[in-house]
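Below is one structure; the comments refer to it alone.
One is the number of the first residue; the rest follow in order along the sequence. All values derive from a computational prediction rather than experimental measurement.
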Amino acid sequence: MSGEALGFQSAPRLAPAALRKPKTSAGVLGAYAAALGLVAVASLIGFLVQHLIASPDVTLVFVLPVVIAATTFGFGPALAAAVSGVLAFDFFFTAPFFSFRIHSADDLWAAALLLVIAAIVSTLAAEARGRALEARREAGRAGALHDLAHLVVQSAPAAEVARSSAEALAKIFQAPAAVLIADGGMLKPAALTEGASLSPADLEAANWTLASQTPSHGDNYPFAASTFDFWPIRRDDSPDLVLGVRCGDTDARPEHPAKYVELAGAYLAASLTAPAHRR
């Protein structure tokens with residue numbers, strides 16, 4: 001059964017579907033700048049309350065920027081907030097003022113305790129943020145597969161299921177994805193998401209994956225020139241398939257990527273073997 005017989009005349013290029021924007025240096029610097037800004041605000045609050053509370057107690061003001069930075073930006077900016085908070089406390093609120101020297105043992109102990117508490121809080125808050133982000137990603141992955149399964153149940157045209165399979169993989173991996181179908185022993189693109197341009201090296205890797213029925217990984221020998229990871233999908237009465245995802249940001253990838261690829265491939269293969277598509 002060829003790709004053209006199933007309606008795959010050409011590979012439509014799909015618009016990006018909720019792909020996570022890659023981190024840029026400007027975004028990372030902005031997170032650190034915001035963390036330092038929070039410390040500056042805490043310093044102003046410290047000036048307002050320093051006459052009302054003892055100097056060591058001012059350290060509590062500098063814990064809040066660490067918590068906000070950890071839950072909003074992650075561990076790195078939170079650690080920067082912790083260190084800068086200790087330095088700000090030392091410089092502005094311990095004698096001699098406007099100096100990094102500390103003469104009072106109480107102030108020295110308070111600064112050390114602030115650093116320890118801030119480090120612990122930033123670690124715990126950053127871990128909680130990471131778990132929350134992963135939970136949201138997992139919910140998005142499950143939703144993408146649910147939408148794909150819904151199309152198969154509705155007996156949608158195979159070409160539409162192929163497009164949805166590529167979109168589902170793009171959402172799951174937060175990277176451009178490609179669906180290729182075997183036609184006359186060679187692979188032809190059935191659906192490509194935005195940014196999923198396949199080079200000759202990519203197609204060579206995909207065809208090797210088809211022939212060997214073994215996943216291939218881009219940027220690795222023997223396909224160092226390929227920018228995609230490919231997985232083979234073979235089911236009875238279905239054309240051979242190869243699904244690809246651009247390699248890159250590993251933070252956004254699921255822990256077990258093959259599981260999601262196989263599920264998406266199984267749904268697509270099921271749509272290709274459905275009676276409505278046996279023409």
Side-chain angles (χ1 to χ4, degrees), residues 1-19 140-198 202-203 205-218 228-247 253-254 256-279:
M1 187 182 301
S2 70
E4 291 184 359
L6 289 166
F8 300 121
Q9 300 298 332
S10 60
R13 202 165 297 275
L14 309 174
L19 295 185
R141 293 163 187 159
L145 290 174
H146 177 271
D147 294 341
L148 180 58
H150 186 65
L151 283 178
V152 176
V153 171
Q154 288 185 322
S155 297
E160 182 179 350
V161 178
R163 290 192 295 270
S164 295
S165 298
E167 288 179 333
L169 290 174
K171 291 178 182 178
I172 291 170
F173 285 83
Q174 292 294 296
V179 171
L180 301 98
I181 186 169
D183 187 4
M186 296 295 291
L187 287 172
K188 291 185 177 180
L192 303 172
T193 61
E194 186 72 18
S197 178
L198 298 177
D202 295 326
L203 292 174
N207 278 288
W208 179 89
T209 297
L210 172 66
S212 64
Q213 288 297 296
T214 303
S216 64
H217 301 285
F228 276 76
D229 294 339
F230 292 104
W231 290 264
I233 303 294
R234 174 170 286 176
R235 296 291 186 275
D236 293 340
D237 301 325
S238 168
D240 285 340
L241 304 167
V242 172
L243 305 184
V245 178
R246 175 167 290 175
C247 47
R253 287 201 164 199
H256 303 289
K259 177 183 73 173
Y260 293 92
V261 175
E262 290 170 0
L263 284 171
Y267 287 135
L268 178 54
S271 74
L272 298 179
T273 58
H277 300 135
R278 294 180 185 274
R279 298 179 183 177

Leu263 CG to Leu243 CG distance, which is reported to the nearest 0.5 Å: 11.0 Å

Heavy-atom pair of closest approach, residues Pro176 and Thr193: CA-OG1, 3.3 Å

Nearest atoms (heavy-atom pairs only) where Ala182 meets Leu210: CB-CD2, 4.2 Å

Nearest-0.5 Å distance that lies between atom CD1 in Ile233 and atom CD in Gln213: 8.5 Å

Side-chain touch Asp202/Phe230, heavy atoms, less than 4.5 angstrom: yes

Side chain to side chain, Arg141 and Pro254, heavy atoms closer than 4.5 Å: yes

Shortest non-hydrogen separation from Ser238 to Thr273 and the atoms involved: CB-CG2, 3.4 Å

Distance (rounded to the nearest 0.5 Å) between Leu148 CG and Glu160 CD: 10.5 Å

Parallel, tilted or perpendicular, as decided by the 30° and 60° cut-offs, for the rings of Phe173 and Trp231: tilted

Nearest heavy-atom neighbours spanning Ser216 and Ala205: OG-O, 3.7 Å

The single option from Leu180, Val242, Leu187 passing side chain to side chain contact (heavy atoms under 4.5 Å, CB included) against Leu203: Leu180

Close side-chain approach of Asp229 to Val261, heavy-atom, < 4.5 Å: no

Minimum heavy-atom distance Tyr260-Leu169, with the two atoms named: O-CD2, 4.4 Å

Spacing of NE2 belonging to His150 relative to OH belonging to Tyr267, to within rounding of 0.5 Å: 12.5 Å

From Ser165 atom OG to Leu145 atom CG, the distance as rounded to the nearest 0.5 Å: 9.5 Å

Stepwise side chain to side chain contact (heavy atoms under 4.5 Å, CB included) test for Leu268 and Val179: CA-CA 10 Å; Leu268 178 54; Val179 171; 3.5 Å; yes

Point-to-point distance, once rounded to the nearest 0.5 Å, from CD of Glu262 to CZ of Arg235: 7.0 Å

Minimum heavy-atom distance between Leu151 and Ser164, given as atom pair plus value: CD1-OG, 2.8 Å

Flag side-chain contact, heavy atom, 4.5 Å: Ile172 against Val245: no

